[in-house]
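Read the numbers this way: they start at 1 and go in the same order the structure lists the ligands and their atoms.
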Amino acid sequence: MAHAAEPLILLCNDDGFHREGIRILFRRLRPLGQTVIVAPDRERSASSLSLTLRRPLRLHRVKPGIWSVDGTPADCIYFALDKILPRRPDLLISGMNPGPNLGQLDAHYSGTVAAAFQGSFFDVPSIAVSTIPNALGRFFLNHAASVVYRLVERILAKGLPQGVTLNVNIPAPPVLGLRITRLGRKYYTREVIEKKDPRGQSYYWIGTGNPESDGASGTDIRATERNYVSITPLQTDLTCEAVLGRSPFQKLFKGISLD
Ligand SMILES: [Mg+2]
């Protein structure tokens, strides 16, 4: 029986409940609290914050502490909070994603980051964790889990600022330290690749090729390129504070007649 004061840690991802990254965290974070997985039943990468609204959802208890939902990462957070967990979790960790979520576009497209956003929308302290392979394409998930362990220890002790979601990217070892960063820019090809199927019909692929990164100083991209763990504080409020209430922006719509 868990101790009443034991922290409750919710784990989600966008790659499926069965994936190694989330399973390693399930075991490795156990000394820090009770860990529960509520994750999609299959790969749902790049699903962002999408919700399943037009068909019924199924919940499956895989084994003690591990649940799968045939929906999106954001769906899973609804299930975790309303159907599975005995109380609000002390922390939500989404990941570890096998691949980076770096730069503005990834932060928007990513189901890993979105699950953490969904936690934040429900006032749960939330972090997204992604891992970066080495030059040979090899991932070091046990190493990354040790980094996550240290971060979680600190977050459980100190808390996170209200309304802030963390986007954490962990490079392959050797890791030189931590950097607090802003989102950089990463450009994916806009190309839509067209092919023909055996019946002569066209089919298409988007999102192919290697993205180009602009790793300016202070960005998540720069930090991870230089072997630092990147921690970017994200906010769910998309309001552009930089122009809100500024006179050039106010003037832009001045005098428009809506008669
Ligand atoms: Mg993924």
Side-chain angles (χ1 to χ4, degrees), residues 9-29 35-52 57 60 62 66-80 91-120 126-134 137-145 147-148 151-152 165-172 183-184 186-189 205-211 213 220-221 224 229-232 234 236:
I9 300 170
L10 170 62
L11 301 171
C12 188
N13 70 4
D14 72 357
D15 307 300
F17 72 94
H18 58 286
R19 293 296 292 271
E20 201 183 354
I22 196 167
R23 293 296 184 102
I24 289 175
L25 290 185
F26 182 72
R27 295 188 301 269
R28 286 289 293 279
L29 300 180
T35 50
V36 178
I37 291 178
V38 184
D41 66 350
R42 70 198 73 175
E43 162 92 37
R44 301 301 297 257
S45 290
S47 59
S48 191
L49 262 174
S50 68
L51 294 175
T52 304
L57 287 160
H60 176 61
V62 179
I66 303 181
W67 301 76
S68 74
V69 176
D70 67 342
T72 65
D75 293 336
C76 290
I77 308 306
Y78 278 79
F79 274 82
L91 181 64
L92 159 62
I93 304 167
S94 180
M96 299 177 292
N97 193 64
N101 277 304
L102 293 167
Q104 297 176 19
L105 271 181
D106 285 5
H108 279 281
Y109 289 141
S110 166
T112 305
V113 175
F117 275 149
Q118 188 61 65
S120 295
S126 298
I127 72 174
V129 180
S130 304
T131 60
I132 303 170
N134 70 3
R138 187 176 158 210
F139 287 95
F140 297 83
L141 294 176
N142 280 307
H143 166 266
V147 173
V148 174
L151 298 179
V152 169
T165 308
L166 297 190
N167 187 35
V168 178
N169 280 273
I170 305 174
L183 295 175
K186 199 162 138 182
Y187 304 93
Y188 291 91
T189 173
W205 283 97
I206 63 168
T208 58
N210 285 323
S213 294
D220 52 354
I221 294 167
T224 52
V229 173
S230 164
I231 301 178
T232 308
L234 303 178
T236 50

Next on the checklist: With a cut-off of 2.8 Å, does Asn97 put an N/O/S atom close enough to the Mg ion (ligand 1)?
Outcome noted: yes

Next on the checklist: Under a 3.5 Å threshold, yes or no: a donor from one side chain and an acceptor from the other, between Thr112 and Asn13?
Outcome noted: no

Item to check | Side-chain heavy-atom pair Pro171, Val229 within 4.5 angstrom cut-off | outcome: yes

Item to check | Pair Asp75-Thr52, side-chain donor/acceptor within less than 3.5 Å | outcome: yes

Item to check | Atom nearest to the Mg ion (ligand 1) - Asp15, N, O or S atoms considered | outcome: OD1

Item to check | the Mg ion (ligand 1) to Asp14: nearest N/O/S atom name | outcome: OD1

Checklist entry - Is it true that some N/O/S atom of Ser45, main chain or side chain, lies under 2.8 Å from the Mg ion (ligand 1)? => result yes

Next on the checklist: Closer than 2.8 Å to the Mg ion (ligand 1): does that hold for any N, O or S atom in Glu43?
Outcome noted: no

Checklist entry - Taking side chain as C-beta onward, heavy atoms only, is Asn167 less than 4.5 Å from Thr165? => result no

Next on the checklist: Could you check whether any side-chain N or O of Asp220 sits under 3.5 Å from a backbone N or O of Gly184, counting only pairs where one atom can act as donor and the other as acceptor?
Outcome noted: yes

